[in-house]
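Keep in mind that what you see is a predicted model, and the values were worked out from it rather than measured.
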Amino acid sequence: MSTRRTNLGLLAALTTALATGVLAFGIGTRWVVVVIVAHGMAGLAVVIMSPWKTVIARRGFGRRTFRAVWPSVALGLLVVVTVVSGILRTAGIVRSWGPLTDMQVHVGAALLTIPFGLWHILARGPWPSARDLDRRNLVRALGVVGLAAGAMAASEGAWRLFGLPGGRRRFTGSHERGSHDPARMPVVQWLDDRVAHLDGSAWRLTVTHRDGSTDEHGIEALDVGDRLTATLDCTGGWWAEQDWSGIRLDRLLPDIEDARSVRVVSVTGYSRRLPVRDLSHLLLATRMGGAPLSAGHGFPARLVAPGRRGFWWVKWVTRIELSARPWWLDIPFPTT
């Protein structure tokens, strides 16, 4: 394979892996399987093309000083860490790397490749052109895709054959942690959030209606016994099914005329905006597994949003607001 074709192939594979990785973070329904498969195949395509890239790299290193090539070396090492950590995480062989989780290493290394990858493209190329889409190149590309698909099918078979945790992953790629056992379910927060320790007797939930009027509720008023069995699927790479109880949001907000979204706000300032059509499927939970929530799991109340990834499940809820603003105008992933 020529230098140009190898570099373009790697660029396409890495770009696909990054794009599908971002999409997989945001999707909690079953059609995410397509994204997960594409993500895995892109990573394996990098492995398949690595021998050709190694030959190209050796030629380049022989003609340049280390000062000129160190960003390329850093890029290569980060790609190796990203791919290896992804394979080990998928198999369920490694759950942590010292103080970091398997997903933190995988995602962190992938994000660090972006500036080095951009530098490499600007400094070395190649820039794609229409001539790269000729029949011969497309046949070669399909060959790499076919090999990646075969390698992915073989790896999935190996996880099951050898009884590895990877063979029991959920359709999102997450591993089970603590289903119906709240004490074993991990405690995690989004980015810079910290566990909030609140006084349940003093805590109040403020509900703002479409006309601007507000209601306040104590924890006792929310514990009405609405029940829901739902799976929390965290972007940290784990999932857990639990029995939740509390109050449905459509009970708190019975009049949604002209409203287009509902905003759920944490005492930490973290918030998520959801479509009003989901109100009857959303639960403000005060209990998990029949017991009050722990501080780490959102006491006094947290949102339960079936079919959405864990970062939608706002903890330590203090305000719920109806709004005419469309829910999709919020950024897909909160920055804090």
message: Is it the case that the side chains of E241 and H180 hold a donor-acceptor pair, with the cut-off being a distance below 3.5 Å and no angle test?
response: yes

message: I'd like to know whether E176 forms a side-chain contact (heavy atoms from CB on, under 4.5 Å) with R168, so could you lay out the CA-CA distance, the side-chain angles of the two residues, the decisive distance to 0.1 Å, and finally the verdict.
response: CA-CA 8 Å; E176 190 275 331; R168 302 185 295 273; over 6 Å; no

field: Check: W159 side chain, A91 main-chain N or O, donor-acceptor pair, under 3.5 Å
entry: no

query: Would a hydrophobic clustering, with Ile, Leu, Val, Met, Phe, Trp and Tyr connected at side-chain separations under 4.5 Å, put L18 with I87?
result: no

message: For W70 and F116, take the angle between the two ring planes, folded into 0 to 90°, and tell me which bin it lands in: parallel under 30, tilted 30 to 60, perpendicular over 60.
response: perpendicular

- prompt: What do the steps show when you test V262 against E321 for side-chain contact (heavy atoms from CB on, under 4.5 Å), and what is the final call?
  reply: CA-CA 5 Å; V262 57; E321 307 166 347; over 6 Å; no

query: Between atom CG of D215 and atom CD1 of I320, what is the distance when rounded to the nearest 0.5 Å?
result: 11.0 Å

query: What is the minimum heavy-atom distance between V267 and L198, and which atoms define it?
result: CG1-CD1, 4.1 Å

Modelled atom types, side-chain donor and acceptor of H120 and N7, under 3.5 Å: no

query: Minimum heavy-atom separation for E156 to R169, with atom names?
result: OE2-NH2, 2.9 Å

statement: Minimal heavy-atom distance between V276 and A259, with the atoms involved, is CG2-O, 3.5 Å

- request: Please confirm whether W190 and W312 have ring centers closer than 6.0 angstrom.
  value: no

field: Linked, directly or transitively: V145 and L8 (ILVMFWY side chains, under 4.5 Å)
entry: no

- prompt: Is any side-chain N of the basic residue among D134 and R136 closer than 4.0 Å to the acidic one's carboxylate O?
  reply: no

message: Between V107 and L191, is there shared hydrophobic-cluster membership here, with clusters defined by ILVMFWY side-chain heavy atoms closer than 4.5 Å?
response: yes

query: What distance separates R309 CZ from T29 OG1, expressed to the nearest 0.5 Å?
result: 10.5 Å

task: Compare every heavy atom of H281 with every heavy atom of R277, then report the nearest pair and how far apart it is.
output: O-CD2, 4.2 Å

query: Taking atom CG of L10 and atom OG of S50, what is their separation to the nearest 0.5 Å?
result: 8.0 Å

field: Joint hydrophobic cluster, L75 plus V47, side-chain heavy atoms closer than 4.5 Å
entry: yes

query: Should P182 and Q242 count as side-chain neighbours, where that means a heavy-atom distance under 4.5 Å?
result: yes

query: Can R273 be said to sit on top of W327's aromatic six-ring, NZ or CZ under 6.0 Å from centre and within 45° of the ring axis?
result: no

message: For the backbone of A17 and the side chain of H39, can you confirm whether one donor and one acceptor N or O come within less than 3.5 Å of each other?
response: yes

- prompt: Tell me, which pairs form a side chain to side chain donor-acceptor pair (under 3.5 Å) where one or both residues lie in residues 78-100, sequence neighbours left out?
  reply: S85-H106

message: Main chain of D192, side chain of Y270: is a donor-acceptor contact present, judged purely on distance under 3.5 Å?
response: no

Test item: T286 side-chain N/O and D223 main-chain N/O as donor-acceptor pair under 3.5 Å: no

query: Quick one: are W239 and T172 in side-chain contact, heavy atoms under 4.5 Å?
result: no

Side chain to side chain, V265 and V314, heavy atoms closer than 4.5 Å: no

- request: Please confirm whether the backbone N or O of L274 pairs with a side-chain atom of W328, one donor and one acceptor, at under 3.5 Å?
  value: no

task: Measure from the side-chain N and O atoms of T101 to the backbone N and O of Q104, and report whether any donor-acceptor pair falls under 3.5 Å.
output: yes

field: Side-chain donor or acceptor of R204 paired with backbone N/O of S201 under 3.5 Å
entry: yes

field: Steps toward side-chain contact (heavy atoms from CB on, under 4.5 Å) verdict (H217, V207)
entry: CA-CA 8 Å; H217 305 274; V207 178; 3.7 Å; yes

query: Are the side chain of T15 and the backbone of A12 linked by a donor-acceptor contact shorter than 3.5 Å?
result: no

query: What distance do W238 atom CH2 and S174 atom OG have between them, rounded to the nearest 0.5 Å?
result: 9.0 Å

- prompt: Do R287 and D243 meet the salt-bridge criterion of a basic N to acidic O distance under 4.0 Å?
  reply: no

statement: Rounded to the nearest 0.5 Å, the CZ atom of R272 sits from the OG atom of S261 at a distance of 11.5 Å

message: Once you measure the plane-to-plane angle for F25 and F333, does it fall in the parallel (<30°), tilted (30-60°) or perpendicular (>60°) bin?
response: perpendicular

query: With distance as the sole test, does K315 use its side chain to make a donor-acceptor pair with the main-chain N or O of G296 at under 3.5 Å?
result: yes

query: Is there a side-chain contact between I256 and L322 (heavy atoms, below 4.5 Å)?
result: yes

- request: Measure across L253 and L279 and return the closest heavy-atom pair with its distance rounded to 0.1 Å.
  value: O-CD1, 4.1 Å

field: Under 3.5 Å: donor-acceptor pair, side chain of R30, backbone of F171
entry: no

Exceeds 12 heavy-atom contacts within 6.0 angstrom, atom CZ of R184: yes

task: Start with the C-alpha gap between L284 and L252, add the side-chain angles, then the distance that decides, and say whether side-chain contact (heavy atoms from CB on, under 4.5 Å) holds.
output: CA-CA 9 Å; L284 190 66; L252 290 171; 4.2 Å; yes

query: Are L118 and L78 linked, directly or through other ILVMFWY residues, by side chains that come within less than 4.5 angstrom of each other?
result: no

message: If you count heavy atoms of other groups shown closer than 6.0 angstrom to CD of E257, is the number above 12?
response: no

query: Any salt bridge between D233 and R170, counting N to O under 4.0 Å?
result: yes

query: Taking side chain as C-beta onward, heavy atoms only, is W316 less than 4.5 Å from L293?
result: no

message: Measuring only between side-chain heavy atoms, which start at C-beta, is M288 closer than 4.5 Å to M185?
response: yes

query: Are more than 12 heavy atoms from other residues, nucleotides or ligands located less than 6.0 Å from atom CZ of R227?
result: no

message: Does any part of the side chain of L44, heavy atoms only, come nearer than 4.5 Å to the side chain of M49, both counted from C-beta?
response: no

field: L205 to R319 - nearest heavy-atom pair and separation
entry: CD1-N, 3.9 Å

Interatomic spacing from CH2 in W119 to CD1 in I121 - rounded to 0.5 Å: 11.5 Å

